[in-house]
Amino acid sequence: RTGETTRIALGTSVFAVLIAGVLGLMVWRSIHAPIRRLHDAAIALGQGRLETRVDVTSRDELGVLARAFNSMASQLAASTVSVAGLQGIFDSMAAAVVLCDQSGAVTRTNAAADRMLGIPRGAAIGQPIQKFCRMQASEGLTSLVTASVKAGGSLDRSMLRVGSAEVAVSLSCSGLRTSD
């Protein structure tokens, strides 16, 4: 009898372990797939793909988390201005805009600045601002910005067009604050 009881107990134990393993695998699969989709969507959203959403199929905690993610992504997309949109605004401005780095090298121009200077689109990038803006001998970019601020925002200067023609401008300078 003891042997038979041992076999029954052993068989029941093996069966219980198999059932526990199958149930564990089912629970793992039901949790892993939604978490993986949320993970992939978070990475995509972090890379700037603001249209990213997660398909919500459950009403459990993971479904609540997915709906919260979708809501956050929608709010982020609605409140974020795209780089392309900003570039469009920048290029459509009637005023000429020239951006320089701290050393005075041109980093970006808009279409109006390129037309005013008589140069092809983007030709000023990397060039020193002194190549395009008539400055006093002792004047650098920092002193130009300081003088503009002290003068109430604008200075009378000349910009140099291709072929050495000068264009009188009211120059307004300001520093842009960036993370660096």
Side-chain angles (χ1 to χ4, degrees), residues 34-56 64-180:
I35 288 176
R36 186 70 188 169
R37 284 195 305 268
L38 277 167
H39 172 264
D40 294 344
I43 288 174
L45 189 66
Q47 292 172 341
R49 294 193 303 260
L50 300 178
E51 73 285 351
T52 302
R53 300 294 181 276
V54 177
D55 291 331
V56 180
V64 170
L65 183 60
R67 282 187 290 282
F69 176 89
N70 289 341
S71 174
M72 176 195 68
S74 295
Q75 290 173 2
L76 186 62
S79 65
T80 301
V81 177
S82 71
V83 172
L86 288 176
Q87 185 65 41
I89 292 168
F90 184 68
D91 279 335
S92 68
M93 293 174 64
V97 180
V98 178
L99 300 178
C100 300
D101 63 16
Q102 291 178 343
S103 70
V106 175
T107 58
R108 180 171 282 169
T109 59
N110 69 351
D114 291 338
R115 280 191 306 273
M116 181 185 70
L117 297 172
I119 59 175
R121 190 76 180 107
I125 295 174
Q127 302 293 323
I129 188 63
Q130 291 87 346
K131 181 175 180 177
F132 305 104
C133 180
R134 174 95 47 217
M135 295 180 161
Q136 298 169 1
S138 62
E139 205 169 35
L141 183 62
T142 304
S143 60
L144 190 65
V145 171
T146 304
S148 176
V149 171
K150 284 182 182 177
S154 66
L155 301 169
D156 291 330
R157 288 288 191 273
S158 294
M159 297 298 283
L160 304 173
R161 283 183 54 86
V162 170
S164 299
E166 290 189 14
V167 177
V169 296
S170 178
L171 185 67
S172 178
C173 301
S174 64
L176 296 175
R177 288 186 168 74
T178 61
S179 60
D180 61 357

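What you see is a predicted model; the values in this text were computed from it and never measured.
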> Which pairs pass salt bridge (charged side-chain N to carboxylate O under 4.0 Å, His left out) with one or both residues in residues 100-109, sequence neighbours excluded?
Replying inline: none

>> Tell me which pairs pass salt bridge (charged side-chain N to carboxylate O under 4.0 Å, His left out) where either residue lies in residues 114-129, with sequence neighbours left out.
In response: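 Those involving residues 114-129 are Asp91-Arg121, Asp114-Arg121.
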
Please check: side-chain N/O of [X] versus main-chain N/O of [Y], any donor-acceptor pairing under 3.5 Å?
X      : Y      : result
Arg53  : Leu50  : yes
Arg161 : Met116 : yes
Asn110 : Phe90  : yes

For a quick test of reading the model, state the closest non-hydrogen atom pair linking [X] to [Y] and the distance between them.
X      : Y      : answer
Ala112 : Ala95  : CB-O, 3.6 Å
Ala105 : Gly126 : CB-O, 4.2 Å
Ala66  : Val54  : CB-CG1, 4.0 Å

> Quick one: CD1 on Ile119 to CD on Gln127, what's the gap to the nearest 0.5 Å?
Replying inline: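 The CD1 atom of Ile119 sits 8.5 Å away from the CD atom of Gln127.
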
>> Measuring from atom CD1 of Ile129 to atom OG of Ser103, what distance do you get when rounded to the nearest 0.5 angstrom?
In response: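 It comes to 11.0 Å.
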
>> Go through it in stages, so that I can follow the logic: the residues are Glu166 and Leu160, the test is side-chain contact (heavy atoms from CB on, under 4.5 Å), and I'd like the CA-CA distance, side-chain angles, deciding distance and then a yes or no.
In response: CA-CA 5 Å; Glu166 290 189 14; Leu160 304 173; 3.5 Å; yes

>> Exactly one of Val98, Val167, Leu117, Thr109 should register a side-chain contact (heavy atoms from CB on, under 4.5 Å) with Phe132. Which one does?
In response: Leu117

> For Arg67, which residues count as a side-chain hydrogen bond (donor to acceptor under 3.5 Å, both in side chains) partner, sequence neighbours excluded?
Replying inline: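 In terms of side-chain hydrogen bond (donor to acceptor under 3.5 Å, both in side chains), with neighbours along the sequence ignored, Arg67 is linked to no residue.
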
>> For Leu99 and Val106: C-alpha separation, side-chain torsions, deciding distance, then whether side-chain contact (heavy atoms from CB on, under 4.5 Å) applies.
In response: CA-CA 6 Å; Leu99 300 178; Val106 175; over 6 Å; no

> Run the side-chain contact (heavy atoms from CB on, under 4.5 Å) check on Leu45 and Met72 step by step: do they pass?
Replying inline: CA-CA 10 Å; Leu45 189 66; Met72 176 195 68; 3.6 Å; yes

